[in-house]
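Hydrogens, waters and symmetry mates play no part in the numbers below; they use all other heavy atoms, side chains included.
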Amino acid sequence: DLPSDDWINNVSETFVYSNHRKSTLIDPYVSPMDRRKMVEGWFVEEMPDLNQNNPFMSRYLIQNSIWWIEYLGLQGLRQDTYPYPFREFMTDWTCDIMDEYPNFNIVGEEWVDNHAIVGYWQRGAVNRDGYTSCLPSLMDFPMRTAVQRGLTEDEGWSTGLNRIYENLGNDFIYPDPWNMVIFPDNHDMSRVFTQVDEDYDLYKMVITYYVTMRGIPQIYYGTEILMSNPGTDSHGIIRSDFPGGWKGDQVNAFTGKGLSPRQKEAQAWMKKLLNWRKSNDVIHSGKLMHFIPHEGVYAFFRYNNDETVMVVFNKSNEVRSIDADQYVERLSGYTRGKDVTTGTVLEFAGSGQLPPRSCFILELMR
């Protein structure tokens, strides 16, 4: 019982899938037919594709969104599959919401590993085709891929830790990289513990990176107890219930009942790490400087006028020393650092030893 014949795209035609080619929206040489199929085709057969070029549909969606924000007192929205609607409508939608609620936040899902395509949609982007947006934030899929691959592949000129280093250097493409949502996994992909082949050392490196990096970290439920999906990419398994939430559960992660010693260790470690993060402005808003990886060691610093934190990874299978000369720009005046989760103190003058496959978050001391 549609209000009008053009309420839904392709409703009276033979079913048409979207071609899912996001690049068609910004490609200067694109076939108009290919671009039209991207936005007017249906995502899947069960999901009718709404026609936001219909002014009544457009106004309905915008007013509906504002109503829910006001009614529930929302602080932010995550917009799934952001590039699939008509992009002119997405400008109207984001701008109307942000005009109504200037301190609101909206994060768009643009699942590609191309920084240029992701950055195209963010508010403040200067695009050659003149397209503008009021979208404050996007999901940082390029970072997720770089971190996962960089930690699980061998070291090389453009692989391993260098992949992570080079990826971060592409932040110049984003109008506001500090408002990007960063994440090791989500409900649509293998859990991070599975992504790193259930290697606990690599798992700790992943989480350490995301909770100290620029941006807004998103941690999927169950990551703190090493939930995984070995041997399958089934969304039903990836989205399994959190243990202990239902009567009759044999494992209860709220109380620790049935958790393995390693799971309990991971849960306690992450709890300590996140509680430390909550009260540290240097992580929330401090500046960032990173250094070229060397011999399997990568370090970056978060700092402001009052505090400096060094985050350092030793991915190699050998003991490494902290090379104070390499990091002199940020270590100058500091003699040691205390790890926030273990209390371990590393001296930088010759004895700052990094065990194999380890990571540290060091509060620097003079």
Side-chain angles (χ1 to χ4, degrees), residues 107 109-119 137-174 177-220 222-224 226-229 233 238 266 269-270 273-274 277 283 288-302 309-316 341 354 357-361:
V107 56
E109 182 207 32
E110 169 58 293
W111 193 338
V112 293
D113 292 333
N114 186 327
H115 299 81
I117 295 179
V118 175
S137 177
L138 287 110
M139 311 293 294
D140 198 340
F141 279 92
M143 177 179 285
R144 191 221 65 83
T145 300
V147 172
Q148 187 269 327
R149 293 180 64 183
L151 289 178
T152 56
E153 65 189 5
D154 293 337
E155 295 300 299
W157 177 258
S158 58
T159 60
L161 295 174
N162 281 302
R163 182 185 300 279
I164 300 173
Y165 171 82
E166 296 286 353
N167 174 79
L168 193 59
N170 282 308
D171 268 8
F172 73 92
I173 294 174
Y174 300 142
W178 297 85
N179 199 34
M180 300 290 284
V181 171
I182 60 176
F183 59 102
D185 62 4
N186 66 20
H187 59 290
D188 284 329
M189 63 183 67
S190 287
R191 286 181 169 272
V192 65
F193 196 48
T194 295
Q195 290 181 28
V196 296
D197 301 321
E198 300 195 6
D199 185 314
Y200 187 60
D201 293 332
L202 294 182
Y203 160 84
K204 292 183 72 173
M205 292 184 196
V206 171
I207 303 303
T208 295
Y209 184 88
Y210 281 103
V211 301
T212 55
M213 180 45 57
R214 62 95 180 119
I216 305 169
Q218 171 189 283
I219 306 297
Y220 192 29
T223 296
E224 73 277 22
L226 308 178
M227 286 180 68
S228 61
N229 54 294
D233 59 0
I238 292 168
W269 174 78
M270 188 178 289
L273 179 57
L274 294 179
R277 185 188 190 278
I283 298 299
L288 170 64
M289 182 181 294
H290 68 158
F291 293 80
I292 298 172
H294 180 65
E295 293 186 337
V297 175
Y298 175 48
F300 62 83
F301 293 78
R302 302 300 308 274
V309 171
M310 180 183 191
V311 184
V312 59
F313 307 86
N314 177 17
K315 186 187 155 193
S316 75
T341 59
L354 302 172
R357 298 169 58 77
S358 64
C359 56
F360 293 88
I361 305 172

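Listed here is the closest heavy atom pair of P184 and V206: CB-CG1, 3.6 Å. For the pair P142 and V112, the tightest heavy-atom approach, listed with the atom from each and the gap, is CD-O, 3.5 Å. Of all the heavy atoms in I238 and D233, the pair that sits closest is CD1-O, 3.6 Å. Across every non-hydrogen atom of Y220 and R191, the tightest pair is CE2-NH2, 3.3 Å. Of all heavy-atom pairs spanning K315 and L151, the tightest one is CE-O, 3.5 Å. Between A146 and I164, the shortest heavy-atom contact is O-CG1, 3.5 Å.
With sequence neighbours excluded, the residues satisfying side-chain contact (heavy atoms from CB on, under 4.5 Å) with H290 are Y165, L168, Y298, F300. D185 pairs by the side chain to side chain donor-acceptor pair (under 3.5 Å) definition with nothing, not counting sequence neighbours.
Remark: the backbone N or O of M180 is not paired with any side-chain donor or acceptor of D140 at under 3.5 angstrom. Under the 3.5 Å distance criterion, the side-chain polar atoms of R214 are left unmatched by any main-chain donor or acceptor of W178. Listed for the Q195 side chain is no donor-acceptor partner under 3.5 Å among the backbone atoms of F193. No donor-acceptor distance shorter than 3.5 angstrom exists from the side chain of N162 to the backbone of E155, with no hydrogens or angles considered. N114 places a side-chain N or O within donor-acceptor distance of the main-chain N or O of A116, the cut-off being under 3.5 Å.
Between E109 and D188, the closest side-chain pair of non-hydrogen atoms falls below 4.5 Å. Here the side chains of T208 and W269 are in contact, with some heavy-atom distance below 4.5 Å. A 4.5 Å side-chain heavy-atom check between Q148 and V192 finds every atom pair outside the cut-off. Put simply, the side chain of M213 reaches to within 4.5 Å of the side chain of L288, judged on heavy atoms.
In this structure, N314 CG and E295 CD are separated by 10.0 Å, a value rounded to the nearest 0.5 Å. Atom CE in M270 sits 6.0 Å away from atom OG1 in T223 (nearest 0.5 Å). From T212, atom OG1 reaches atom CZ of R277 across 8.5 Å, with rounding to the nearest 0.5 Å. Rounded to the nearest 0.5 angstrom, N170 CG and M143 CE are separated by 10.5 Å. Note that NZ of K204 and CG of L273 are 9.5 Å apart. Values are rounded to the nearest 0.5 Å. Rounded to the nearest 0.5 Å, atoms CG (L202) and CD1 (I207) are 11.5 Å apart.
Paired with F183 under the rule ring-ring contact (aromatic ring centres under 6.0 Å, His included), one option of F141, Y210, Y209 passes, and it is F141.
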Could you go through the side-chain contact (heavy atoms from CB on, under 4.5 Å) check for M139 and Q218 one step at a time?
CA-CA 10 Å; M139 311 293 294; Q218 171 189 283; 3.8 Å; yes

Apply side-chain contact (heavy atoms from CB on, under 4.5 Å) to the pair N167 and H115, showing each step before the final yes or no.
CA-CA 9 Å; N167 174 79; H115 299 81; 2.8 Å; yes

Given the rule in the side-chain contact (heavy atoms from CB on, under 4.5 Å) test, do L138 and Y174 qualify, once you have shown the distances and angles that lead to the verdict?
CA-CA 10 Å; L138 287 110; Y174 300 142; over 6 Å; no

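Listed by first then second residue, pairs satisfying salt bridge (Lys or Arg N to Asp or Glu O under 4.0 Å) with a partner in residues 159-168 read E153-R163, not counting sequence neighbours.
Atom CG of L274 is surrounded by more than 12 heavy atoms from other residues, nucleotides or ligands within 6.0 Å.
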